Peer 1: 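Quick one: this structure, given as structure tokens, is what I'll be asking you about.
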There are 4 protein chains.
Amino acid sequence: MADVAVLGASGYAGAIAASLIWRHPFFALKHVTARSESGALLDEIHPRTRVPLVLEDWDPNVQGDVDAALVCWPHRVSAPAVAELRERGVRVVDLSADFRLRDRDTYEDWYGPHGAPDLFGAAVYGLPELYREQIPGADLVANPGCYPTAALLGLAPLARAGAIKDVVIDAKSGVSGAGRNPTQTTHYISADENMTPYKVERHRHTPEIEQELAALGADTGVTNPGVAPVDFVPHLIPMTRGILSAAHVRPTRPTTGAELAELYAAAYADEPFVTVVDAAPATKHVLGSNHARVFVHHDPRTDRILAIGVIDNLVKGAAGQAIQAFNLVHGLPETLGLEGLPLAP
Amino acid sequence: MADVAVLGASGYAGAIAASLIWRHPFFALKHVTARSESGALLDEIHPRTRVPLVLEDWDPNVQGDVDAALVCWPHRVSAPAVAELRERGVRVVDLSADFRLRDRDTYEDWYGPHGAPDLFGAAVYGLPELYREQIPGADLVANPGCYPTAALLGLAPLARAGAIKDVVIDAKSGVSGAGRNPTQTTHYISADENMTPYKVERHRHTPEIEQELAALGADTGVTNPGVAPVDFVPHLIPMTRGILSAAHVRPTRPTTGAELAELYAAAYADEPFVTVVDAAPATKHVLGSNHARVFVHHDPRTDRILAIGVIDNLVKGAAGQAIQAFNLVHGLPETLGLEGLPLAP
Amino acid sequence: MADVAVLGASGYAGAIAASLIWRHPFFALKHVTARSESGALLDEIHPRTRVPLVLEDWDPNVQGDVDAALVCWPHRVSAPAVAELRERGVRVVDLSADFRLRDRDTYEDWYGPHGAPDLFGAAVYGLPELYREQIPGADLVANPGCYPTAALLGLAPLARAGAIKDVVIDAKSGVSGAGRNPTQTTHYISADENMTPYKVERHRHTPEIEQELAALGADTGVTNPGVAPVDFVPHLIPMTRGILSAAHVRPTRPTTGAELAELYAAAYADEPFVTVVDAAPATKHVLGSNHARVFVHHDPRTDRILAIGVIDNLVKGAAGQAIQAFNLVHGLPETLGLEGLPLAP
Amino acid sequence: MADVAVLGASGYAGAIAASLIWRHPFFALKHVTARSESGALLDEIHPRTRVPLVLEDWDPNVQGDVDAALVCWPHRVSAPAVAELRERGVRVVDLSADFRLRDRDTYEDWYGPHGAPDLFGAAVYGLPELYREQIPGADLVANPGCYPTAALLGLAPLARAGAIKDVVIDAKSGVSGAGRNPTQTTHYISADENMTPYKVERHRHTPEIEQELAALGADTGVTNPGVAPVDFVPHLIPMTRGILSAAHVRPTRPTTGAELAELYAAAYADEPFVTVVDAAPATKHVLGSNHARVFVHHDPRTDRILAIGVIDNLVKGAAGQAIQAFNLVHGLPETLGLEGLPLAP
């Protein structure tokens, strides 16, 4: 057993993370924190969690007594808390963006000054499908962004094969991705019966996708000449959960649907949470679960590849993936505590 | 032509009111105001209005130069502004609750101290289907609440006939009824795929419904012994617009479906905006329009009457009804500027 | 271990039942059937079930080899299949209405001729909160209707106390209650942004509610004079899952909020799946789970009681409740296989 | 005045077309037809139309007595009816795809044999923003597809300037685009809280977009080397109405945001129904109206242009655009009968 704290448990990802840890056979949920709602019970604020723990104020001397922590705070705010936890020897999976990038200039260009420079670059990127060998035993794991998770699962086999000459990622997310803070954007009347692109000038998940696509190419000794820069455009869709990443790829060399089907089948044959499907996937197929569905299609008429990844943005795109990495960090079966299934339909 | 100001045009009802006045053949929209968004164009904030007027700060010396005004402010805040407009001779339709009740103790019991006591009781209740004779020429019209509009249209024929012994009103509203202010309640993630009753202890539309049901009985010399107090329970439903009021009535005397059908057909035969239907109505049938649909059914097994009214809460339940009254005040055809139809489906 | 068949696994309730059995620590899912989609894999049709079993045609000689079965067929069609299973000694929980009523005239009045008259009256009504003592060891359990479950959980303490003089049940359901068959009613364009009452003349869940309310009174030696007939009006709400039953009760004797709070707290103190809450409950609080939330409120102004029950119509209102009863039938802990929680929000 | 018939008025586009004609100051709606629902009143089936006309069976000798007709039938079925109407001298706007393509091999490749080969190529493509000079007086107008309308409005200035080297169109539509026929795809439970790409192998709107992009280049004497073939991928989004076309363009030559802004402002300066906006547009901004919003953005980091068009798929994408063309055909002001505004929000 390992004692665990969840920092930022009143947000959507934090609440789900706490609820998964609460029921996990190996971890014991010892602390949950919330900045503005401390003193309340978590299941008062999020009844579906059924976690009857009192939300605490963040105090490293209090929550620092655990073995491991999930930090569900926004970027820039997260890094100093992670540093304090690390100083006390607490193993951390950080759900913010603070430790995902490996190039500090890129981080500062997209996010501003880093809140814990000494730790910069110390994390493993927590996408088990790409870093399964590196995560076990890691002290600090950077949980991938929701869009990068969907995009990378859709594109990884192509990137590894050096097959991406040029890529446009047109992604769509449910409203929970905008967080729990009530704004005009997240107001029901604004979001319902509406869709819109957003952050079209610059979305911070872009360099994360570029970094990992480049790394995938490097691993195999091939180059992905057109990979960077990636054109990434997200959209807000009137639904609570779900991300669909549609990557439109111009390939480096001629290919066929059969070749791609084989490539993807081989890449994900042993993955517990990734299913390659042969018809266009729907986000509802993975709603409420840690599963991803991946689809690839080559259009001989346009010689373009469509590579789609769908996930639940709050589970495989956040809290569930963090538990998956947590399991690996602790040497546990990767699916532990994640096998519960959402009820259909 | 009459010059018109819309106070509070950045809220949902105010924006619709402004957009209807802007296209009205008789009225000229001269001013639109907004407390926190003054300086912006109305159609920047509400693109669908297509009203390219700058939102002004409220200043009686500025907006007081019009012939008539629609005041779309919350209760308590509205009354003093209405008083200032009235002092300048401006005819007002007030969309707040400040002038709907005719008994001051009741007002203070449910709303607190009144903001313009000298004007209390000076308004005509602006439900044309009940007060068509009194509205023309009125200087001050109190626009009915959204729930009372739906409930009273559903119940008026029964109340006039003295047929209501006991009534439970179980009402349901789309989220726009909660206003434009972003809160946890109006957050998409809270409202989507969810329904809940609210203000079950005490909703301020209750005394308004009771007042008008009693008046309907009084008008005909009959008594509605069970009418007051009314049991009223509203629910929040995951949709943008629409109110459905289901009134469950225990009748004072034996009745039949045929008798009720005749009663309702006669009551609404000449109404331009009320249609009596013989199958359960749906809010979508009136979405985006000033129309109401009314349905009555007697269950011989339980000897109870179900009287349903459906409206679009922002149109017949707010802005459209205000225009309807405005037309009557100014001696215009009641339907002027309200004939445009929402497009199906 | 017991071998189980799920008949009608391609419908919503059947698919969920199959998915719960598939992961249940005691039951082994041996057969799933579907009338029109036999030959397909269940998880092709309902990917979220992740049940990779082939849907079979119904054949008592094939599926009759199990120890127990869940029958998820429509009423009238279900009874003969239940009879065939019972002849082979298979224990059955029947999710249809065929065995819920105990008075045959009432059944025939509301449903028509019964499909297995010899078995009529042989079932235990499978609401564990009311029949926990009778379900263990039962060979045939009639799974309650979705509306009766919500209504009865909300009203049972009052009924047992003989406190109901008169009751109006105004209920609201998500669209999944209308079943998987595509019709104009279940078409997205009809259901979205819409609400409507339906079957206002006569909904078949009415006599079921009346039967159980009467029985609750009888159990305690008190009478519920106004209980029958019950006025029941259901509404269709634009959401996938969830039922909210708002029961408006005229009490037989004076009461207070404090007295009711105590009554309800006592009634449900030990229930694993029922939580009494002190603020109006929302269906989203129980979405995807077998939990119910119950709320009671007395309005001293109107002397009326509001008794609300909320459930997920497909889980506590169908498949989850069937597993709960199945556990009891087999002498297992009632919550086995139902402890998985839906992820918030 | 011109007498008009609407064929296929029970579908979504047909119902809206009929409702717009019914209120049009110049046209008189004489006939509405429906294949399977003839005999019913149109406003029984679509209450919001408020068109109290009886739906007739199609009979050229009956409906052929009008001056002009809108044919709202599916492709392949439409062409023979159009031919019969043309033989009787009836002017036709055809909302199907049957007369949109100008190359017969392309038509047959994507749609199969044509139903009225003699008329093939006789129509003007009814996008007023591109063919305003050709539409007046035309006897046969092919109303553009919903996706092509959104995509072409977004891309036309670039295409005319010969600036498109390569284009990926990632489009999203509300469910009404799938038509009124109830299927598993349009079932509320399938569509709600879900998104999915569809027809990824081959969507029939692709050659229509390619044809018009090529024509735009040809018009200006420039070439758009990468325009054909176009990569087009549509998605189904959980909302009733709205299309968003996001075109990701690789330009033929260096450009800047300022240059593009100028290009688009000039292109649409005088358009009554197209607004160029400088922030990402939302479909709700045009919901229920004939308006389109267009947005263009150049990302200097990736040297890619994002060109977005949003419309209401049933109005500017179908019935409204047909009326717009109808006005032009008859020498009327283009906006006649289309000025009514949808009510915000």
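Numbered from 1 within each chain, the chains take letters A, B, ... in sequence-line order. The model shown is predicted, which means the values in this text are computed figures rather than measured ones.
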Peer 1: Closest approach of A/V167 and D/R304, non-hydrogen atoms and distance?
Peer 2: O-NH2, 4.4 Å
Peer 1: Above 12 or not: heavy atoms from other molecules or residues under 6.0 Å from CG of A/D278?
Peer 2: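 Open.
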Peer 1: Please state whether the side chain, the backbone, both or neither of A/H298 comes within less than 4.5 Å of a heavy atom of chain D.
Peer 2: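 Interface part for A/H298: neither.
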Peer 1: Can A/D231 and D/R250 be counted as an ion pair, charged N to O under 4.0 angstrom?
Peer 2: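 No, no charged N to carboxylate O under 4.0 Å.
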Peer 1: Could you tell me which portion of A/I308 (side chain, backbone, both or neither) has an atom closer than 4.5 angstrom to a non-hydrogen atom of chain D?
Peer 2: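 For A/I308, the side chain is the part near chain D, not the backbone.
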Peer 1: Hey, what do you get for CZ (D/R293) to OG1 (A/T196), rounding to the nearest 0.5 Å?
Peer 2: 10.5 Å
Peer 1: For atom CD of D/E262, is the number of surrounding heavy atoms from other residues, nucleotides or ligands below 6.0 Å larger than 12?
Peer 2: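 For D/E262, atom CD is not crowded (no more than 12 foreign heavy atoms under 6.0 Å).
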Peer 1: Does the side chain of D/K172 reach to within under 4.5 Å of the side chain of A/D170, using non-hydrogen atoms?
Peer 2: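 Touching, per the 4.5 Å side-chain cut-off.
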Peer 1: For A/E201, is there an ion pair with D/R301 - N to carboxylate O distance below 4.0 angstrom?
Peer 2: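 Salt bridge: no.
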Peer 1: Under 4.5 Å heavy-atom distance to chain D, tell me which part of A/V233 shows up: side chain, backbone, both or neither.
Peer 2: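 Interface part for A/V233: side chain.
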Peer 1: Relative to chain D, which segment of A/L244 carries a heavy atom at a distance below 4.5 Å: side chain, backbone, both, or neither?
Peer 2: both
Peer 1: Less than 4.5 Å apart, side chain to side chain, heavy atoms only: is that true for A/F232 and D/T302?
Peer 2: no
Peer 1: For chain D, which candidate among A/T206, A/V310, A/V200, A/D303 shows the most heavy-atom pairs at distances under 4.5 Å?
Peer 2: A/V200
Peer 1: Can you measure from CG (A/D192) to NZ (D/K284) and round to the nearest 0.5 angstrom?
Peer 2: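 Separation between the atoms: 5.0 Å.
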Peer 1: Could you grab the distance from atom CG of A/N194 to atom CG of D/L287, nearest 0.5 Å is fine?
Peer 2: 8.5 Å
Peer 1: Kindly give the heavy-atom pair with the smallest separation between D/E193 and A/T283, and that separation in Å.
Peer 2: O-OG1, 4.4 Å
Peer 1: Which atoms form the tightest heavy-atom contact between A/A280 and D/P197, and what is the distance?
Peer 2: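 Minimum heavy-atom separation between A/A280 and D/P197: CB-O, 3.4 Å.
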Peer 1: Between CD1 of A/I237 and NE2 of D/H235, what distance do you get to the nearest 0.5 Å?
Peer 2: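 A/I237 CD1 to D/H235 NE2: 9.0 Å, rounded to 0.5 Å.
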Peer 1: Which residue out of A/M195, A/M239, A/H248, A/K199 racks up the most heavy-atom pairs below 4.5 Å with chain D?
Peer 2: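 If we count pairs closer than 4.5 Å to chain D, A/M195 comes out on top.
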